[in-house]
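What follows is a short report on a single structure.
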Amino acid sequence: MTAHASKIARSATRRSGFLAMAGLAAIACFGMPASARAAELLNVSYDPTRELYRDINAAFAADWKAKTGEEITVRASHGGSGAQARTVIDGVPADVVTLGIPSDIDAISKISKKISPDWRSKLPNEGLPYTSTVVFLVRKGNPKGVKDWADLVNPDIKVITPNPKTSAGGRWNFLAAWGYAYEKEGKNAEKANAFVGQVYKNVPVLDTGARGSTVTFAQRGLGDVLPTWENEAFLVLQEFGADKFDVVVPPSSIYAEPPVAIVDANVDAKGTRKQAEAYLQFLYTDAAQAIFAKHHYRPIKREAADKKDLALLPEIKLFKIEDLQGGWDDIQKKNFDNGGLFDQLSKAGR
């Protein structure tokens, strides 16, 4: 068991009240006879997908009804991706997980054995129905002149980003900054480490999830720049108005991989495998792919999306962190396990 897995196991009971209530509701359903439970699924997801899955779930329910004549309800639970993984390990009976980073699904598989180790091979595109990237949200007019990752280390910049120990968005931000510096500095890992350390010296607060950081930046008014999921940046423009914020797209960023998987042990115990498999397969349909693009995620089937939605997702030079650091076990261990790079930077005062 990795240190990441151990940390998840040790802190499994320390989840938020919201997640606990969601879990208790799901557990109540778990105890019902199979015939009464067959038409309800629980999707445990990460922070920024709340609006997305409202639309996806409604579309799937309508599709399932048309194909089978069966009513189905898909309930969703949201929070920091790492924290959400812990709730599944701790007993929340998710039928599916749609989390923010592969290492969180790997952790569920390794610790609880509830997800098959070969979960990536069970769905198209290694369990990735869409991808995303990290862009910058800044105050209107971009008063600090943020254009690229290098600007995040300027001494007068305050960067708002979530804690990578609990948030997939936080991990993608961390890895995006590292990858930028690694390539810029001629693949020098020590210089990349130092660059990330400088970025985190400019971080005044670490929220537990991506949505929490959005609230800190947009509602509380803290910080100059919010590195964030692409969809989350556009959501702020919709919710708060384009007259208050700008989206800055850096010349290069990270290829973010939010994966999905079926929770094998739970669906077999609940008798919901057929519905859960159909739900995840639905994510690859043209209808769902168009919904991803509508919510500013990058669909893997671009031809299924509305051209107006695609126009808001510009071409960016994207790098895969696996190409720079190896597989996800290595990425997690090097950066986020106990004693990893993030802990080292934190101990040094970031």
Side-chain angles (χ1 to χ4, degrees), residues 1-16 19-20 44 46-47 79-92 97 99-115 117 119 134 159-179 181-182 188-210 212-213 227 254 256-259 261 321-322 324-350:
M1 185 182 297
T2 67
H4 173 57
S6 299
K7 185 177 185 297
I8 286 183
R10 288 196 302 271
S11 55
T13 58
R14 299 197 300 269
R15 57 188 183 270
S16 69
L19 293 174
V44 171
Y46 65 108
D47 250 350
S81 187
Q84 291 291 78
R86 290 194 293 269
T87 69
V88 177
I89 293 165
D90 195 43
V92 169
V97 288
L99 296 177
I101 201 163
S103 55
D104 285 335
I105 296 183
D106 285 337
I108 298 171
S109 177
K110 291 174 183 176
I111 297 170
S112 69
K113 314 298 182 186
K114 293 177 181 178
I115 295 177
W119 60 269
V134 177
V159 180
I160 303 299
T161 184
N163 190 332
K165 289 282 193 175
T166 54
S167 165
R171 272 169 275 174
W172 287 120
N173 292 350
F174 184 101
L175 295 170
W178 189 94
Y182 182 72
N188 186 310
E190 289 187 5
K191 289 184 177 180
N193 294 350
F195 176 82
V196 174
Q198 289 298 116
V199 171
Y200 278 81
K201 285 182 179 179
N202 288 345
V203 176
V205 59
L206 289 168
D207 293 291
T208 58
S213 287
I254 197 164
E257 304 169 292
I321 193 63
E322 298 100 309
L324 308 183
Q325 290 196 8
W328 276 102
D329 283 345
D330 289 335
I331 293 168
Q332 179 67 41
K333 183 177 181 179
K334 289 176 184 176
N335 298 285
F336 310 118
D337 274 1
N338 292 336
L341 179 58
F342 177 75
D343 281 354
Q344 295 168 28
L345 296 175
S346 297
K347 190 174 295 185
R350 295 202 300 272

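Here the structure is a predicted model, which is why all the values come from computation and not from measurement.
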**Request:** Output, in order, the C-alpha distance, side-chain angles, deciding distance and verdict of side-chain contact (heavy atoms from CB on, under 4.5 Å) for F342 and V196.
**Result:** CA-CA 9 Å; F342 177 75; V196 174; over 6 Å; no

**Request:** Return the minimal non-hydrogen interatomic distance between W172 and G100, and the atom names on each side.
**Result:** NE1-O, 2.7 Å

**Item:** V97/K114 under side-chain contact (heavy atoms from CB on, under 4.5 Å): CA gap, chis, key distance, verdict
**Value:** CA-CA 11 Å; V97 288; K114 293 177 181 178; over 6 Å; no

**Message:** Could you check whether atom NZ of K333 has more than 12 heavy atoms from other residues, nucleotides or ligands sitting under 6.0 Å from it?
**Reply:** no

**Request:** Could you walk me through whether E322 and I331 pass side-chain contact (heavy atoms from CB on, under 4.5 Å), step by step?
**Result:** CA-CA 8 Å; E322 298 100 309; I331 293 168; 4.2 Å; yes

**Distance-minimising heavy-atom pair for A192 and A181** = CA-CB, 3.8 Å

**Prompt:** What residue among D343, T208, L206 forms side-chain contact (heavy atoms from CB on, under 4.5 Å) with K165?
**Reply:** D343

**Closest contact, heavy atoms only, S167 versus G209** = CB-CA, 3.9 Å

**Message:** Any donor-acceptor pair under 3.5 Å linking the side-chain atoms of Q344 with those of N193?
**Reply:** no

**Prompt:** Are W178 and L341 close enough, and set up right, to give a side-chain contact (heavy atoms from CB on, under 4.5 Å), and what steps lead you there?
**Reply:** CA-CA 11 Å; W178 189 94; L341 179 58; 4.0 Å; yes

**Item:** Minimal non-hydrogen separation, D207 against G212, with atom names
**Value:** OD2-O, 3.4 Å

**Shortest non-hydrogen contact between A168 and D104, atoms and distance** = CB-OD2, 4.4 Å

**Asked** Checking side chain to side chain donor-acceptor pair (under 3.5 Å) for the pair D106/Q332: CA distance, chi angles, key distance, verdict?
**Response** CA-CA 10 Å; D106 285 337; Q332 179 67 41; over 6 Å; no

**Item:** Atom pair OG/CZ of S103 and R171 - distance to nearest 0.5 Å
**Value:** 4.5 Å

**Complete:** To the nearest 0.5 Å, atom NZ of K110 lies from atom CD1 of I115 at 12.5 Å

**Fill in**
When rounded to the nearest 0.5 Å, the distance separating CG of L99 from CD of E257 is 14.0 Å

**Item:** Nearest-0.5 Å distance, CZ of residue F336 to CD1 of residue I101
**Value:** 6.0 Å

**Item:** Rounded distance (nearest 0.5 Å) linking atom CZ of F195 with atom CG of N188
**Value:** 13.5 Å

**Request:** For T87 and Q84, indicate whether the former's side chain and the latter's backbone hold a donor-acceptor pair under 3.5 Å.
**Result:** yes

**Request:** Grab the two heavy atoms, one from P162 and one from S213, that are nearest each other, plus how far apart they are.
**Result:** N-OG, 3.1 Å

**Asked** Once the angle between the rings of Y200 and F174 is folded into 0 to 90°, is it parallel (under 30°), tilted (30 to 60°) or perpendicular (over 60°)?
**Response** tilted

